[in-house]
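All remarks here apply to the structure that follows.
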Amino acid sequence: MALRVYNTLSRRKEEFRPLHEGFVGIYVCGPTVYDHPHIGHAKSYISFDVVVRYLRHLGYRVRYVQNITDVGHLTDNADQGEDKIEKRAAAERLEPMELVEIYMRSYFEDMDALGNLRPDISPRASGHIPEQIELVKVLLDKGYAYEVGGSVYFSVEKFGGYGKLSGRRFQEQWEAVRIAPNPEKRHPADFALWKRAEPGHILRWPSPWGWGYPGWHLECSAMSMKYLGETLDIHGGGMENIFPHHECEIAQSEAATGKPFVRYWMHNNMVTVEGTKMGKSLGNFVTIKEALKSYSPMALRLFVLGSHYRSPVDYTEEAMRAAQRGWERLNRAVQMVKERIRYAPDGPEDRELSEAVRRCERDFSEAMDDDFNTPGALGALFELTREVLAGLESGTPSRTTLKKVEDLYSRLAGGVLGFRFEEEGGGREEELLDLLVEVRAELRRAKNWELADRIRERLRELGIALEDRPEGTVWRRYS
RNA sequence: GGCGGCAUAGCCAAGGGGUAAGGCGGAGGACUGCAAAUCCUCUAUUCCCCGGUUCGAGUCCGGGUGCCGCCUCCA
């Protein structure tokens, strides 16, 4: 079966065929780095991380580009607003580039923790001002843009396809939107390609039209085409960017090149918190760092992948607890398989388990091929997990079989879904715990239950669980 | 007002004409000194409502209702 991808442009699932066979160029709208990333970023970037991982799993050579927006955009469409980065930098008494550096590092730190692969290129808008100016020049030359007093605007009336992504017929509807018209614009829907820097604006660059800074849609067009060519295979981002951001990107790019800008537009849905929208302006967003104080990074990853990328997901304590427990179960199963491989008997494959492995692989692929259906893929993995644990319980699967199971977990759960399975502990602490367990075993042999239980209780308070299994005592950290 | 999406068990969530995946939680049992972990069994006659098409409808069509997103920065 072939991979099918939902394309926002056609509003249907389409068979995926990249422009050049075997190679995929993907561009995902990255963060504006003026604050710590929140769980909305987690959903978006985990989703696209899995898209990239799965494409590689299918054998594609993927170039994954995700920008860093470090040039502030205006906070409102009437072009009077403040620059978010400048505003925040002033509030924190930092150089704008200093601020950007802090939050960019914070962003990568969180993405690393969540197990997302680094993009192949993380271009920064501030480092691509010449490319953006070039693009504006082309649009002026071709008559799609006009200059007014040091600012350059894109003329939407000159570009026939404006509105094709978002389904908006801007001519009739624009009247309904009450925004103060900018007198410089010929049509209210025209958007800025380049803005004149008003006095006091710190982030600014020289251009043929004087000192200024790029318009807020320009960087993505300039940088994506620079690194991926004039037609991208996939362009991804959050749904809220469909209009105006992506609509404007299409207009700019296609007007400049005369070629289709993107073959597949992919948009992920939003995260709500306890049922309500999470927005920067609402101030109710949960940062990833906060979430990770209560839940493990892999639990957050499981939470995100537990619903489809095009579905909204509600962040609640209950849902996160469920994800945490689910993750622990999966991780534990993998650890148990690894442990058992060490002393598993040689022998032929066990039919039932091998069959379960095959079934899992098939169901997993089927789900992923259907527009990256990660909840379905997880279902396949958990079904296997149940059978694996039952197999370990009731018999002694051969080493060959267990290796197949381990390999499957490693390729699908690890490689494709990006889970990081970890053994607990390490170093001095581990040795001390082993010692305690040993001493406690003596106590238990002597039937000194009181002291044995006290050790277990005290360790539990410290976040270490002791489990007296038939084959011996093991310890693990819980959380 | 315009555009788009979603409604499936206590909670989360797949499925999308052929008789309801999976996770969490809950109940009972096995194992255990007791716990924990693990295993086994059970936990939706039914998919927001009303009509229709069909031998057959969560699944398709029409009409409601409710929730959400976008139309101003946001992943």
Side-chain angles (χ1 to χ4, degrees), chain A residues 8 11 28-32 34-35 37-48 72-78 81-84 163 166-170 172-179 216 236-245 267-272 275-282 285 302-303 306-308 310-314 316-330 332-333 336 363 367 370 373-383 385-386 389-394 444 447 449 452-453 456-457 460 465-470 473-474 476 478:
Chain A
T8 309
R11 296 198 179 77
V28 174
C29 281
T32 303
Y34 67 104
D35 206 342
H38 53 69
I39 52 179
H41 294 104
K43 176 170 167 73
S44 188
Y45 299 122
I46 288 172
S47 299
F48 285 108
H73 301 315
L74 297 177
T75 53
D76 79 28
N77 192 46
E82 291 163 293
D83 178 311
K84 284 178 294 189
S166 57
R168 284 186 166 75
R169 294 170 296 274
F170 69 99
E172 308 103 71
Q173 281 162 28
W174 214 253
E175 312 306 315
V177 181
R178 289 167 295 144
I179 38 170
W216 48 291
M239 277 180 96
E240 79 286 351
N241 282 325
I242 292 173
F243 188 88
H245 188 52
H267 295 278
N268 64 274
N269 216 134
M270 316 298 278
V271 177
T272 52
T276 58
K277 175 195 155 87
M278 184 178 67
K280 293 206 170 155
S281 50
L282 295 175
F285 59 88
L302 182 66
F303 167 74
S307 72
H308 190 86
R310 283 191 287 117
S311 302
V313 66
D314 192 30
T316 62
E317 295 293 315
E318 196 174 6
M320 282 307 297
R321 267 201 301 273
Q324 181 69 48
R325 295 299 302 272
W327 161 246
E328 285 167 14
R329 176 142 186 260
L330 197 60
R332 198 170 303 131
M336 281 175 83
D363 293 348
D370 183 15
N373 184 349
T374 54
L378 281 169
L381 243 21
F382 273 105
E383 240 167 300
T385 296
R386 196 188 56 233
L389 290 172
L392 290 179
E393 176 84 6
S394 64
R444 294 179 70 222
K447 296 202 189 304
W449 308 125
D453 286 353
R456 190 172 59 195
E457 270 316 300
R460 174 158 282 279
L466 290 191
E467 294 168 7
D468 296 321
R469 298 182 191 169
T473 300
V474 299
R476 63 179 179 86
Y478 57 89

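Each chain gets a letter, A, B and so on, in the order the sequences are listed, and its residues count up from 1.
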Would you measure the distance from the [atom1] atom in [N] across to the matching atom in [M] and give it in whole Å?
{"N": "B/rA27", "M": "B/rU32", "atom1": "P", "result": "22 Å"}
{"N": "B/rU19", "M": "B/rC34", "atom1": "P", "result": "45 Å"}
{"N": "B/rC31", "M": "B/rU38", "atom1": "C1'", "result": "9 Å"}
{"N": "B/rG26", "M": "B/rA44", "atom1": "C1'", "result": "15 Å"}
{"N": "B/rC42", "M": "B/rG22", "atom1": "P", "result": "11 Å"}
{"N": "B/rG64", "M": "B/rA21", "atom1": "P", "result": "34 Å"}
{"N": "B/rC48", "M": "B/rA9", "atom1": "C1'", "result": "15 Å"}
{"N": "B/rG10", "M": "B/rU45", "atom1": "P", "result": "9 Å"}

If you check the [X] side chain, which of [options] turns out closest?
{"X": "A/Ser307", "options": "B/rU38, B/rA14, B/rA75", "answer": "B/rA14"}
{"X": "A/Lys84", "options": "B/rA36, B/rG5, B/rC73", "answer": "B/rC73"}
{"X": "A/Arg329", "options": "B/rA75, B/rC39, B/rC11", "answer": "B/rC39"}
{"X": "A/Arg386", "options": "B/rA36, B/rG22, B/rG33", "answer": "B/rG22"}
{"X": "A/Ala390", "options": "B/rC39, B/rA75, B/rC31", "answer": "B/rC39"}
{"X": "A/Phe382", "options": "B/rG22, B/rU38, B/rA35", "answer": "B/rG22"}
{"X": "A/Ala322", "options": "B/rC24, B/rC31, B/rG33", "answer": "B/rC24"}
{"X": "A/Pro375", "options": "B/rA75, B/rA14, B/rC39", "answer": "B/rA14"}

Any donor-acceptor N/O pair under 3.5 Å between [N] base and [X] side chain:
{"X": "A/Asn241", "N": "B/rC74", "value": "no"}
{"X": "A/Arg444", "N": "B/rG33", "value": "yes"}
{"X": "A/Asn373", "N": "B/rG15", "value": "no"}
{"X": "A/Arg456", "N": "B/rA35", "value": "yes"}

Nearest whole Å is fine: how far is [N] [atom2] from [X] [atom1]?
{"X": "A/Phe243", "N": "B/rG4", "atom1": "CZ", "atom2": "C1'", "result": "13 Å"}
{"X": "A/Asp314", "N": "B/rA7", "atom1": "CG", "atom2": "P", "result": "14 Å"}
{"X": "A/Asp370", "N": "B/rG15", "atom1": "CG", "atom2": "P", "result": "6 Å"}
{"X": "A/His308", "N": "B/rC68", "atom1": "NE2", "atom2": "P", "result": "22 Å"}
{"X": "A/Lys447", "N": "B/rG33", "atom1": "NZ", "atom2": "C1'", "result": "7 Å"}
{"X": "A/Met239", "N": "B/rC74", "atom1": "CE", "atom2": "P", "result": "15 Å"}
{"X": "A/Arg325", "N": "B/rC11", "atom1": "CZ", "atom2": "P", "result": "19 Å"}
{"X": "A/Arg310", "N": "B/rG16", "atom1": "CZ", "atom2": "P", "result": "12 Å"}

Testing the basics here: between [X] and [Y], what is the closest heavy-atom pair and its distance to 0.1 Å?
{"X": "A/Asn268", "Y": "A/Ser44", "value": "OD1-OG, 3.0 Å"}
{"X": "A/Ala323", "Y": "A/Phe303", "value": "CB-CB, 3.8 Å"}
{"X": "A/His308", "Y": "A/Asn373", "value": "ND1-CA, 3.8 Å"}

Report the C-alpha separation of A/Lys447 and A/Trp449 in whole Å, then their side-chain angles, then the decisive distance to 0.1 Å, and conclude whether the side-chain contact (heavy atoms from CB on, under 4.5 Å) test is met. CA-CA 5 Å; A/Lys447 296 202 189 304; A/Trp449 308 125; 3.8 Å; yes
How is [X] classified with respect to the nucleic acid when contacts are heavy atoms under 4.0 Å: base, sugar-phosphate, or nothing?
{"X": "A/Leu302", "result": "nothing"}
{"X": "A/Tyr45", "result": "sugar-phosphate"}
{"X": "A/Ser311", "result": "sugar-phosphate"}
{"X": "A/Leu389", "result": "sugar-phosphate"}
{"X": "A/Gly238", "result": "sugar-phosphate"}
{"X": "A/Val474", "result": "nothing"}

B/rG25, OP1 or OP2 - any side-chain N/O from A/Arg321 closer than 4.0 Å? no
Would A/Asp35 and A/Phe285 count as a side-chain contact (heavy atoms from CB on, under 4.5 Å) here? Give the steps. CA-CA 11 Å; A/Asp35 206 342; A/Phe285 59 88; 3.6 Å; yes
Mark yes or no for whether A/Thr385, through its side chain, and A/Leu381, through its backbone, hold a donor-acceptor pair below 3.5 Å. yes
Heavy-atom neighbours of A/Arg325 CZ exceed 12 at 6.0 Å: no
Ring-base stacking, A/Trp449 with B/rG33 (5.5 Å, 30° cut-offs): yes
Quick one: classify the glycosidic conformation of B/rG58 as syn or anti, with syn meaning within 90° of 0. syn
Parallel, tilted or perpendicular, as decided by the 30° and 60° cut-offs, for the rings of A/Tyr45 and A/His41: parallel
